[in-house]
There are 2 protein chains.
Amino acid sequence: MSETAAPPASKSEQAYAAVKARIVDGTYSPGYRLVLAKIAEDLGVSVVPVREAIRRLEAEGLVQFERNVGATVSGIDPTEYLYTMQTLSIVEGAATALSAPLIGAADIARARAVNEEMRECLQHFDPVRFTRLNQDFHSVLFEHCPNPHILDLVHRGWNRLASLRSSTFRFVPGRAHDSVDEHEALLRLIETGAAAEEIEKAARLHRSATLDAYLAQAPKSNAGSLSAQ
Amino acid sequence: MSETAAPPASKSEQAYAAVKARIVDGTYSPGYRLVLAKIAEDLGVSVVPVREAIRRLEAEGLVQFERNVGATVSGIDPTEYLYTMQTLSIVEGAATALSAPLIGAADIARARAVNEEMRECLQHFDPVRFTRLNQDFHSVLFEHCPNPHILDLVHRGWNRLASLRSSTFRFVPGRAHDSVDEHEALLRLIETGAAAEEIEKAARLHRSATLDAYLAQAPKSNAGSLSAQ
DNA sequence: GTCATAGTTTTCGTATACGATTTCGTACTC
DNA sequence: GAGTACGAAATCGTATACGAAAACTATGAC
């Protein structure tokens, strides 16, 4: 029997996936009011599974919930962006460092190809594609991470970031250019079997630099930078 | 008006808090089967809010959920312990580093007092109290962490650890002794205004060492150690 | 024009009910 | 005795319903 007979996802699961997808892809942008009855109708289910789904998303930080009021997509605040990026820089750095020893030549080649594509995107100015490729690139670096908890945190961070991007995040061409170079440097470090500590530091700085680039154009910081040199 | 008129927590909130507390304090130990109807009756509410609470706890990693079967308290597997500790070492290290610049002399004094109490516990062999004090100690170091996401991750890690302790974790006197010394060293680093990077490293190693002590007596590792010197 | 107030509408929170699925136990066959 | 089939019990999954809280709107006083 093939995998065709997949378990017909419960309505609760459906609702969870659907709402999450809409938050991540920007259909529901930060501040959007999630009305149970409305979503339930859209999805053709009752409110109970929808409510359950939303509470789960709350636990992941994608939505904010207020008693007797309802849920809204979280992350209007620019500070949120800062916190998310900072957290991501930490878990991503760790994930990369843990994966590094398990990354083979084939993976490196794949990542490098993606990175070269990213370089091309810079010339044609294709931020959307660039962003997607960036995710692919890092996915290659993470996929061997032996600790699923850390991997999960990275994914949550990415989702969060995706949900914020439409209103907060801006593509900064100059920064993007540096980013591609940093990717290459990161690959070299991994190739040459650098110490985990060094790889972690590089990966973290890579992410922090993006945060700094953001802060430079929207200065409003009040949290310490982890990229303390 | 005083704070007495606190919002009368929704049943869903009650259920969430109650079940979480029971998992953390060990009433429901790993593998325990969480039956909706039973919990609902215990708490005097219907199954809907209980179900919601359990799903939220699932998102936090405290319980595992299986379609049409039910929820069980997660963490039977020793590997879980490893993953949790490793993740905790990372976020805790970061949290401590971020807090450090904001820690004042009064905080240091408080932490030191707690640590001295811990030293006494070693002489009277009081693991329970030791563990609680250990949490207090680290709480002092975290409480100023400006990034709430990271703080949240630390708390989740602690909860997770607490839920696992009854079956997996073992108090290792030798390790506990080192631990107290490391605490003191950590305080000195903070006092002298050491670089964030250095503090982070020390905090991480402090946690990793506990993990290593565990692995030494229950060797079954297959994940890379982040304490790569 | 601004503010307060009362009434209406929206939306949430949860109990209840019932069908669907899984699990468990028993009897039957080989 | 091992294995299978079937039926009963336990448990989950979700629709529906209704009371409670909040948000909104309109009306009137100043």
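So you know, we letter chains A, B, ... as the sequences are listed, proteins then strands, and number each from 1. Every heavy atom of this structure was used, including side-chain atoms; hydrogens, water molecules and symmetry mates were not.
Atom OG of B:S99 is separated from atom CG of B:L151 by 7.0 Å, given to the nearest 0.5 angstrom. Atom OG1 in A:T84 sits 10.0 Å away from atom CD1 in B:I150 (nearest 0.5 Å).
Taking atom CZ on A:F65 and atom C1' on C:dT11, their separation rounds to 11 Å, with Å as the unit. At whole-Å resolution of the value, CD in B:E52 and P in D:dC12 are 16 Å apart. In this structure, CG of A:L36 is placed 19 Å from P of D:dC18, rounded to the nearest angstrom. For the pair B:E41 CD and D:dA10 C1', the interatomic distance rounds to 14 Å; values are reported in whole Å.
Heavy-atom nearest nucleotides on DNA chain D were determined for B:V35 and for A:P49, and the one closer to the 5' end corresponds to B:V35.
Qualifying side-chain hydrogen bond (donor to acceptor under 3.5 Å, both in side chains) partners for A:E41, counting only residues two or more places apart in sequence or in other chains: none. In this view, A:R110 and A:D107, A:E143 satisfy the side-chain hydrogen bond (donor to acceptor under 3.5 Å, both in side chains) rule, not counting sequence neighbours. Shown here are the salt bridge (charged side-chain N to carboxylate O under 4.0 Å, His left out) partners of B:R175, two or more places apart in sequence or in another chain: B:E182.
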Every protein N/O within reach of nucleotides 17-24 of chain C N/O, cut-off under 3.5 Å:
{"residue": "C:dT21", "atom": "O3'", "partner": "B:N68", "partner atom": "ND2", "Å": "3.4"}

Quick test: give all pairs of protein nitrogen or oxygen and nucleotides 5-8 of chain C nitrogen or oxygen below 3.5 Å, distance rounded to 0.1 Å.
none

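Using modelled atom types, no side-chain atom of B:S74 and backbone atom of B:Q64 make a donor-acceptor pair closer than 3.5 Å. Distance alone, capped at 3.5 Å, places no donor-acceptor pair between the B:Y16 side chain and the B:P49 backbone.
Each side-chain hydrogen bond (donor to acceptor under 3.5 Å, both in side chains) pair with one or both residues in residues 148-157 of chain A, not counting sequence neighbours, appears once here: A:H149-B:E80, A:H149-B:R160, A:D152-A:R156.
Within 4.0 Å (heavy atoms only), A:I54 reaches no atom of the nucleic acid at all. Note on A:I39: nothing from the nucleic acid sits closer than 4.0 angstrom, heavy atoms only.
Relative ring orientation between B:H183 and B:H206 is described as perpendicular, the plane-to-plane angle rising above 60° on a 0-90° scale split at 30° and 60°.
An OP1 or OP2 oxygen of D:dA10 is reached within less than 4.0 angstrom by no side-chain nitrogen or oxygen of B:K38.
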